[in-house]
Amino acid sequence: MRIATFNVNGVNGRLERLLDWLADTKPDVACLQELKSDSFPARALEQAGYGAVWHGQKSWNGVAILARGAAPIETRRGLPGEGSGAQARYIEAAVKGVLVGCLYAPNGNPVGSARYAAKLAWYDRFAAHAEALLATGQPVALAGDYNIMPTDLDVYAPERWRGDALFQPELKARYAALRDAGWVDGIRDVFGEGERVYTFWKYWRNAFQRDAGLRIDHVLLSPVLAARLESAGVDSHHRAKAGASDHAPAWVELEG
DNA sequence: ATGGCAGCTTCGAGCTGA
């Protein structure tokens, strides 16, 4: 069973690229972020063989969960403690025996701004919910754009990113705390603590061609799911295509 | 340190992203 996460950077404008990737890699579950629309191409995805639940908003943010040959059962939209006017950054569904949370964490730049404070607050809500999910003992995957590079290994030039909201020690500490609590970083677990692997490359300055990338899209697995982890990867060949998102899809393969 | 690119939007310059 393959669970993937893909920040599409505009689900309607990117639809052809999304359909191409689905047909090429056939993930069982695909978590999408940055839909950037309050309309969702459910019909086209259905014709491609994917059922979907989505939580969109106009212009910005937006998350969705796709399931190949199945209809995801939505279990929640938004995190506990959010107001009704909150940005569309979290959706959760039961899919093929796994509880899947799809997230799009705030960017938070610049450091010290109200947006940065909102990112910290969002992570507090997310961590509380993750703790509750872990306590259930169920198979859970939390997949999405975390907007955190967890360590220096996840940044092509760490010194250039020290002042960025995606690379603050207090945010890296929050990510580390999730791992300490029992969540397994599927991609890092498979690649090991020595190999560089990125999921995002800026559109600027030929970043992809230079492999000047960041690892900010992650799939965290609860212990019972982590026990089934077989492999993981990043579909960087799709980042190389014309008209690609600035993120590449990342995935884990689970036994069964 | 700056600026570079791309997608969105009351249609086009400004906001956001990372």
Side-chain angles (χ1 to χ4, degrees), chain A residues 5-21 31-41 44 54-64 85-90 102-123 126 143-172 174-175 187 196-218 234 236 238-250:
Chain A
T5 180
F6 185 15
N7 181 322
V8 293
N9 190 10
V11 73
N12 292 308
R14 201 78 62 197
L15 182 58
E16 292 308 312
R17 295 262 48 84
L18 172 60
L19 293 172
D20 177 54
W21 169 69
C31 294
L32 308 181
Q33 302 86 34
E34 281 209 84
L35 305 180
K36 288 188 165 183
S37 176
D38 51 9
S39 74
F40 185 80
W54 63 93
H55 181 22
Q57 69 176 85
K58 190 177 179 181
S59 303
W60 315 115
N61 312 312
V63 285
Q87 296 176 329
R89 295 185 178 276
Y90 188 82
C102 172
L103 61 127
Y104 175 50
N107 175 303
N109 272 306
V111 173
S113 67
R115 286 181 191 178
Y116 185 71
K119 183 177 191 176
L120 294 176
W122 187 90
Y123 260 103
F126 176 69
D145 180 351
Y146 282 71
N147 268 322
I148 293 175
M149 294 86 85
T151 72
D152 281 8
L153 189 62
D154 303 305
V155 189
Y156 68 99
E159 296 313 318
R160 295 189 193 179
W161 289 83
R162 296 287 177 216
D164 195 275
L166 281 66
F167 205 40
Q168 291 308 295
E170 60 188 335
L171 281 163
K172 290 186 279 191
R174 279 167 162 80
Y175 191 85
I187 292 163
R196 293 187 173 275
V197 54
Y198 304 132
T199 66
F200 169 89
W201 299 259
K202 290 193 296 186
Y203 285 122
W204 316 330
R205 293 188 169 186
N206 291 315
F208 182 71
Q209 289 74 10
R210 295 186 294 115
D211 199 26
L214 308 173
R215 190 174 76 97
I216 54 178
D217 301 276
H218 310 302
V234 177
S236 51
H238 280 270
R239 177 64 178 81
K241 296 192 176 194
S245 168
D246 40 7
H247 295 250

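Convention: sequence-line order gives letters A, B, ...; per-chain numbering from 1.
- Listed candidates were B:dG7, B:dT9, B:dG17. Nearest to the side chain of A:Asn9 is B:dG7.
- A:Phe200 places its CZ atom 13 Å from the P atom of B:dG7, with the value rounded to the nearest Å.
- Between A:Trp161 and A:Phe167, the ring centre distance reaches or exceeds 6.0 Å.
- Of the two residues contacting DNA chain B, namely A:Lys202 and A:Pro106, the nearest-nucleotide position lying further toward the 5' end is that of A:Lys202.
- When the side-chain hydrogen bond (donor to acceptor under 3.5 Å, both in side chains) test is applied to A:Ser113, no partner is found at least two apart in sequence or on another chain.
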Each nucleotide N or O in nucleotides 12-16 of chain B that has a protein N or O under 3.5 Å away: list the pair and distance.
from	atom 1	to	atom 2	distance (Å)
B:dT16	OP1	A:Arg115	NH2	2.5
B:dT16	OP2	A:Arg115	NH2	2.9
B:dT16	O5'	A:Arg115	NH2	3.4

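- Here A:Asn147 lies in heavy-atom contact (under 4.0 Å) with sugar-phosphate atoms only.
- For A:Tyr175 and A:His218, the gap between ring centers is short of 6.0 Å.
- Residues from residues 241-250 of chain A with heavy atoms under 4.0 angstrom of DNA chain B, sorted by number: A:His247.
- Note: CZ (A:Arg14) to P (B:dG17) measures 16 Å, nearest angstrom.
- By the ring pair (Phe, Tyr, Trp, His ring centres under 6.0 Å) test, A:Phe200 pairs with A:His247, sequence neighbours left out.
- Between B:dT10 and B:dG14, the two P atoms lie 16 Å apart (nearest whole Å).
- Residues that satisfy the side-chain hydrogen bond (donor to acceptor under 3.5 Å, both in side chains) test with A:Asp145, not counting sequence neighbours, are A:Asn7.
- The separation of B:dA1 from B:dC15, taken at their P atoms, amounts to 23 Å, rounded to a whole angstrom.
- Among the atoms of the strands shown, only primed sugar atoms or phosphate atoms (P, OP1, OP2) are found under 4.0 Å from some heavy atom of A:Tyr104.
- Each of B:dG4, B:dC8, B:dG17 was ranked by its minimum atom distance to the side chain of A:Ser59; first place goes to B:dC8.
- As judged by a 4.0 angstrom heavy-atom cut-off over every strand, A:Asp217 is placed among residues making no nucleic acid contact.
- Counting heavy atoms from C-beta outward, A:Pro110 and A:Tyr116 have side chains that stay 4.5 Å or more apart.
- Nucleotides B:dG3 and B:dG7 place their P atoms 22 Å apart, quoted to the nearest Å.
- Between the P atom of B:dA6 and the CZ atom of A:Phe208 lies a distance of 14 Å, rounded to the nearest Å.
- The side chain to side chain contact (heavy atoms under 4.5 Å, CB included) search around A:Gln87 returns A:Gln57, A:Asn61, A:Arg89, not counting sequence neighbours.
- In this entry the distance linking CZ of A:Arg205 with C1' of B:dC5 reads 12 Å, nearest Å.
- The CG atom of A:Asn206 sits 15 Å away from the C1' atom of B:dA6 (whole-angstrom rounding).
- Residues satisfying the side-chain hydrogen bond (donor to acceptor under 3.5 Å, both in side chains) criterion with A:Lys241, sequence neighbours excluded, are A:Asp20.
- A:Arg162 meets the side-chain hydrogen bond (donor to acceptor under 3.5 Å, both in side chains) test with A:Asp152, A:Glu159; sequence neighbours excluded.
- Taking atom C1' on both nucleotides, B:dA6 is separated from B:dG12 by 15 Å, rounded to a whole Å.
- Every residue two or more places apart in sequence or in another chain that forms a salt bridge (charged side-chain N to carboxylate O under 4.0 Å, His left out) with A:Arg215 is listed here: A:Asp154, A:Asp185.
- In this entry the distance linking CZ of A:Arg160 with P of B:dG3 reads 16 Å, nearest Å.
- Whole-Å rounding puts the A:Leu35 CG to B:dA6 C1' distance at 17 Å.
- For the pair A:Trp204 and A:Asn109, both in contact range of DNA chain B, the more 5′-proximal nearest nucleotide belongs to A:Trp204.
- To the nearest angstrom, P of B:dG7 lies 12 Å from CZ of A:Arg17.
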